Amino acid sequence: MTDKLKTRFFALTASIAALLGTSAHAQDLPAGWDPRSGDGWVDAWLGDISRYGARYREPFVDEMVRYYGAPRELVSDLLDRRHWTPGDVYYACAIAQVLGRPCRYVVDEWDRDHVEGWGGVALRLGVKPGSNEFHKLKRGFVPTYDRWGRPIVIDSELRRDFPNRPYRDYADAAPAKGKAGKDGGEKAPGGKDKAKPGNRGHGKAPGQG
C-alpha cells in the first residue's frame with residue numbers, strides 16, 4: 001500500500017469511528033497537560049489532536065511533514081525520545097508556518113522558555129491574540145482536520161472563514177469536570193453551554209468522536 005493510500009485509509013477509519021461515536025479518549029493525555037494557548041478553542045482541539053495523533057500516528061506525522069514542512073526525523077524525535085504530545089508538535093509547527101520559519105525554530109523557543117505555556121511562546125514570537133497571525137493559526141486547524149477526514153467544530157471567530165460549519169464558543173478556562181451549565185445541560189469543552197438549536201452548534205466537541 002502506498003503512503004498516499006495509507007493516509008487515506010487511516011483518515012477514513014478515523015472518520016468512520018467519529019460517525020459511529022467511538023470515544024477519542026482511548027488515548028489519554030499526560031496528567032496535568034495544559035497547552036495554555038490563551039484561547040479555549042485552540043486548547044480544546046490541541047487535546048483532540050493529541051488523542052488522534054497517538055491513535056493514528058502515520059497520518060499525523062505525514063501531515064506535519066507534507067503540509068507543515070517539518071522534517072520527519074524531528075517529528076519522530078519529539079514524539080518518541082522527547083515525549084511531546086502530538087498536539088504540542090502540531091502547534092509548534094503551525095506557529096512556525098505562520099511565521100515562515102522552520103518548525104525546529106519554534107521547538108527551540110519552547111525549550112528556551114515555556115513557563116507561560118504556548119500562549120507565552122507565541123506572544124514572544126509575535127503571534128499576538130487577536131492578530132491576523134493568530135487568526136491564520138486558528139484557521140489552519142480546519143484544512144488539517146479535513147485532510148484527516150475528521151469533524152471539527154469552529155468557534156464564532158472563524159465563522160467568517162467557514163460560514164457553513166457548525167460552531168460553538170469556548171471559554172478560556174475550563175470549569176471543573178462534570179459541572180453542569182446554567183440550564184443544567186452538559187457543557188462543551190472550555191466551559192460554555194452547548195449551543196442551542198438554531199445556532200448551528202450541533203457538531204461534536206473534541207473527545208466526542
Side-chain angles (χ1 to χ4, degrees), residues 14-15 18-19 21 23-25 29 33-53 63 67-68 85-88 90-99 116-123 125-209:
S15 180
L19 290 173
S23 173
H25 292 284
L29 295 171
W33 180 78
D34 183 3
R36 291 178 293 154
S37 71
D39 185 289
W41 182 88
V42 171
D43 284 358
W45 290 98
L46 287 179
D48 188 67
I49 287 174
S50 286
R51 297 185 185 97
Y52 174 84
E63 177 74 10
Y67 295 98
Y68 291 87
T85 68
D88 287 328
Y90 169 84
Y91 207 53
C93 295
I95 291 173
Q97 185 179 69
V98 167
L99 295 172
E116 295 182 357
W118 279 115
V121 173
L123 187 62
L125 293 174
V127 183
K128 302 176 182 179
S131 67
N132 289 335
E133 291 80 8
F134 193 76
H135 186 79
K136 183 178 180 181
L137 185 62
K138 291 182 66 172
R139 193 171 64 228
F141 280 69
V142 177
T144 286
Y145 268 72
D146 287 348
R147 285 188 288 268
W148 285 336
R150 187 167 176 80
I152 185 170
V153 179
I154 63 172
D155 65 357
S156 57
E157 184 181 342
L158 292 172
R159 287 186 66 201
R160 67 178 182 268
D161 300 291
F162 307 102
N164 297 320
R165 300 266 183 161
Y167 75 92
R168 177 179 296 129
D169 283 324
Y170 294 69
D172 289 339
K177 182 179 284 189
K179 186 175 180 181
K182 62 184 179 181
D183 296 324
E186 180 188 355
K187 285 198 171 187
K192 291 286 188 181
D193 296 333
K194 283 190 173 180
K196 295 179 175 59
N199 288 341
R200 295 181 180 269
H202 305 299
K204 289 186 177 180
Q208 292 183 324

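Keep in mind that the numbers below use all heavy atoms, side chains included, and drop hydrogens, waters and symmetry copies. None of these values were measured; they are calculated from a predicted model.
Aromatic pair Y90/F141: centroids less than 6.0 angstrom apart.
Interatomic distance, E157 CD to Y167 OH, rounded to the nearest 0.5 Å: 14.0 Å. Interatomic distance, CD1 of I152 versus CZ of F162, reported as 8.5 Å (0.5 Å rounding). Rounded to the nearest 0.5 Å, atoms CH2 (W45) and CG (D39) are 13.0 Å apart. Atoms CG and CZ, on N164 and R159 in that order, are 10.0 Å from each other to the nearest 0.5 Å.
Here the shortest heavy-atom pairing between R165 and I154 reads CB-CD1, 3.7 Å. Residues V153 and P166 share a closest heavy-atom pair of CG1-O, 3.6 Å. In terms of heavy atoms, D169 sits closest to S156 at OD1-OG, 2.7 Å. Contact detail for P86 and I49: the closest heavy-atom pair is CB-O, 3.8 Å. G140 and Y68 make their closest contact through O-OH, 3.4 Å (heavy atoms, listed as atom of the first residue, atom of the second, distance). Across every non-hydrogen atom of L137 and V127, the tightest pair is CD2-CG1, 4.3 Å.
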Item to complete: Could you please spell out the steps behind the side chain to side chain contact (heavy atoms under 4.5 Å, CB included) verdict for W41 and L158?
Response: CA-CA 11 Å; W41 182 88; L158 292 172; 3.8 Å; yes

Item to complete: Apply side chain to side chain contact (heavy atoms under 4.5 Å, CB included) to D48 and R150, showing your working.
Response: CA-CA 11 Å; D48 188 67; R150 187 167 176 80; 3.1 Å; yes

Discussion item. Set out, in order, the CA-CA distance, both residues' side-chain angles and the distance that settles side chain to side chain contact (heavy atoms under 4.5 Å, CB included) for W118 and I95, then state yes or no.
Written reply: CA-CA 10 Å; W118 279 115; I95 291 173; 3.9 Å; yes

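No side-chain heavy atom of D88 sits less than 4.5 Å from a side-chain heavy atom of S50.
Counting only distance, with no hydrogens or angles, the side chain of D43 and the backbone of P35 share no donor-acceptor pair below 3.5 Å.
Using a 4.0 Å cut-off between charged nitrogen and carboxylate oxygen, D161 and K138 do not count as a salt-bridge pair.
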